[in-house]
Amino acid sequence: MINKQEANKKAHRATQKFENHEPFTINFVKTWWWYQRRKVLEPKGGYEAFNQTWCEPIDLTLPDDRAWWIGHSTNLIRLNDKIILTDPIFSKRASPSQFSGPKRHNPPALTIEQLPNIDFVMISHNHYDHLDDYSIHQLVKRFPEVVLVVPLGLKDKLLKWGAKQVFELNWYDSITFDNLTFTATPARHWSNRGLFDINKTLWCGWIVQANADIPNKTKTVYFMGDTGYSPRLKEIGLRFTCIDLALIPIGAYAPRRLLQSQHIDPAQAVQLYDELNCHEAIAIHWGTFELSDESLDEPAQQLCEHRADRHFHLLKIGGSLAINHHDSGLE
């Protein structure tokens with residue numbers, strides 16, 4: 001059981017709402033006005049050319065511990081022979097309605113029916129492009145014993161949606177199943193699904209470690225979720241000194257005057273890669289939904305300009321990367 005006083009301290013909960021360590025407010029009038037008037041540029045060559053360049057058939061027969069990019073922030077992770085799914089959205093729109101709202105410009109790398117057996121689902125927060133009710137309903141129907149790990153405040157909703165095993169964690173709380181340890185990590189973001197529930201549930205990233213009690217065999221994967229930049233995120237790298245693979249968002253950042261507090265841009269993604277001492281990373285949260293002003297292909301272009309010789313990978317949707325164990329280099 002989570003101690004409420006300690007929960008409030010960790011997650012900066014004030015009254016009935018959660019706060020960031022560096023609080024920010026969102027001007028919903030300005031945001032609505034921007035969203036109604038915005039004109040997003042097409043990717044270079046058009047949407048069909050973009051999909052031909054950035055989508056490939058998924059290959060689940062590839063061996064070893066591995067991460068596949070399914071699209072947006074949905075990833076399939078195989079670690080210690082267990083399968084983890086992150087922020088699953090298989091719907092055509094990231095919206096409370098499938099008749100309006102941001103639509104996806106390419107299909108997920110596979111359908112729910114094509115998924116292998118899913119052991120765990122990690123949810124970072126409750127925004128519609130990360131917590132999709134249709135996808136959750138279908139997943140718990142197909143995999144009734146799946147375990148969901150979520151930030152504070154989401155358990156009751158997911159139980160109502162049919163999940164049987166849901167575990168809520170606060171920042172830096174951990175839970176272990178089958179030699180996999182899940183730790184919720186801080187993020188600079190916010191939450192809502194309507195006008196009257198703003199910040200009533202927590203947001204987070206996730207550290208997943210295989211064999212956490214065996215240092216020379218531990219593998220660490222960091223799913224960053226959604227976050228704006230904060231120097232306090234460096235603490236994650238101090239607590240977890242060997243991040244073998246990070247899944248780092250690079251999209252939905254423009255215009256900066258409205259979105260810098262909640263979404264990092266590619267330059268800041270590279271900055272966090274360095275500050276957290278990541279050994280490898282996969283760029284996520286781009287190329288699927290038009291959530292902001294930049295074109296679908298701009299985040300990848302910007303990342304190429306900033307990553308230099310870092311092992312910060314731009315996968316195609318459906319592509320994958322092996323998860324390798326690295327030495328921390330710390331004594």
Side-chain angles (χ1 to χ4, degrees), residues 1-7 9-11 64-68 73-88 115-125 130-131 136 139-140 143-156 158-159 163-187 201-225 233 235-247 276-280 322-328 330:
M1 179 177 294
I2 295 173
N3 180 279
K4 289 185 178 180
Q5 184 177 0
E6 182 64 18
K9 179 181 177 182
K10 285 184 182 179
D64 307 321
D65 292 335
R66 184 170 295 272
W68 288 264
S73 291
T74 307
N75 304 275
L76 196 68
I77 302 170
R78 183 170 64 216
L79 198 58
N80 260 19
D81 294 322
K82 299 295 181 181
I83 302 294
I84 306 162
L85 194 62
T86 70
D87 285 359
L115 286 169
N117 184 65
I118 303 298
D119 298 292
F120 303 98
V121 173
M122 296 191 304
I123 302 295
S124 65
H125 64 295
H130 295 262
L131 180 60
I136 296 296
L139 284 166
V140 299
F143 309 110
E145 301 305 317
V146 66
V147 173
L148 286 82
V149 289
V150 304
L152 294 178
L154 285 179
K155 181 176 181 177
D156 288 347
L158 291 166
L159 291 174
K164 294 181 179 179
Q165 301 187 77
V166 184
F167 296 87
E168 284 186 340
L169 276 72
N170 195 7
W171 291 347
Y172 292 124
D173 285 338
S174 298
I175 192 167
T176 299
F177 308 89
D178 301 322
N179 289 323
L180 289 182
T181 300
F182 297 82
T183 303
T185 57
T201 64
L202 188 58
W203 48 93
C204 71
W206 290 99
I207 288 279
V208 188
Q209 292 185 295
N211 305 312
D213 56 342
I214 311 175
N216 63 343
K217 291 186 177 181
T218 301
K219 285 186 178 180
T220 301
V221 177
Y222 176 32
F223 171 56
M224 195 173 287
L233 296 177
E235 183 181 348
I236 297 169
L238 297 176
R239 290 176 180 246
F240 302 93
T241 57
C242 186
I243 296 175
D244 297 299
L245 177 65
L247 307 174
L276 274 62
N277 299 308
C278 302
H279 290 281
E280 292 190 87
I323 304 171
N324 298 307
H325 170 77
H326 299 83
D327 292 326
S328 67
L330 300 177

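What you see is a predicted model, and the numbers here were worked out from it, not measured in a lab.
Side-chain N or O atoms of T86 include none that pairs as donor or acceptor with a backbone N or O of M122 at under 3.5 Å. Judged by distance alone, the side chain of D65 and the main-chain N or O of N80 form a donor-acceptor pair under 3.5 Å. For W171 (side chain) and G205 (main-chain N/O), no donor-acceptor pair under 3.5 Å exists by modelled atom type. Put simply, the side chain of N75 gets close to the backbone of S73: a donor and an acceptor are under 3.5 Å apart. When atom types are taken as modelled, the side chain of N179 and the backbone of A210 share no donor-acceptor pair closer than 3.5 angstrom. Looking at K82, its side chain never comes within 3.5 Å of a backbone N or O of L180 through a donor-acceptor pair.
In this structure, I323 and R78 approach most closely via the heavy-atom pair CD1-O, 4.0 Å. Among all heavy-atom pairs drawn from T181 and S174, the shortest one is CG2-CB, 4.1 Å. Summarising the geometry of V221 relative to I77, their closest heavy-atom pair is CG1-CD1, 4.2 Å, with the distance given to 0.1 Å. Between A67 and L245 the shortest heavy-atom distance is CB-CD2, 3.8 Å. In plain terms, the two heavy atoms of H325 and N216 that are nearest each other are NE2-O, 3.5 Å. Between T220 and Q209, the shortest heavy-atom contact is OG1-NE2, 3.0 Å.
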Check against side chain to side chain contact (heavy atoms under 4.5 Å, CB included), F143 and L115: CA-CA 10 Å; F143 309 110; L115 286 169; 4.2 Å; yes
Worked verdict on N117 versus I83 for side chain to side chain contact (heavy atoms under 4.5 Å, CB included): CA-CA 7 Å; N117 184 65; I83 302 294; 6.0 Å; no
Intermediate values then yes/no, side chain to side chain contact (heavy atoms under 4.5 Å, CB included), Y172 and E235: CA-CA 11 Å; Y172 292 124; E235 183 181 348; 3.7 Å; yes
Evaluation steps, side chain to side chain contact (heavy atoms under 4.5 Å, CB included), between D87 and F223: CA-CA 10 Å; D87 285 359; F223 171 56; 3.4 Å; yes
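Between the CZ atom in F167 and the CD1 atom in I175 there is a gap of 4.5 Å [rounded to 0.5 Å]. The structure places OG1 of T183 at 10.5 Å from CD1 of I236, a figure rounded to the nearest 0.5 Å. Between the CG atom in L79 and the CG atom in D178 there is a gap of 11.5 Å [rounded to 0.5 Å]. Interatomic distance, CD of Q165 versus CG of L159, reported as 10.5 Å (0.5 Å rounding). How far CG of L76 is from CD1 of I118: 5.0 Å, rounded to the nearest 0.5 Å. The structure places CG of L202 at 10.5 Å from OG of S124, a figure rounded to the nearest 0.5 Å.
Within the 4.5 Å cutoff, no side-chain heavy atoms of V140 are placed close to those of L158. The shortest distance between side-chain heavy atoms of T74 and L85 falls below 4.5 Å. With a 4.5 Å cut-off on side-chain heavy atoms, I123 and P88 count as touching.
Between F182 and F120, the angle of the ring planes lies from 30° to 60°, which puts this pair in the tilted group.
Crowding of N324 atom CG: a count of heavy atoms from other residues, nucleotides or ligands under 6.0 Å exceeding 12.
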Donor-acceptor contacts, no H, no angles, side chain residues 145-156, under 3.5 Å, sequence neighbours left out:
none

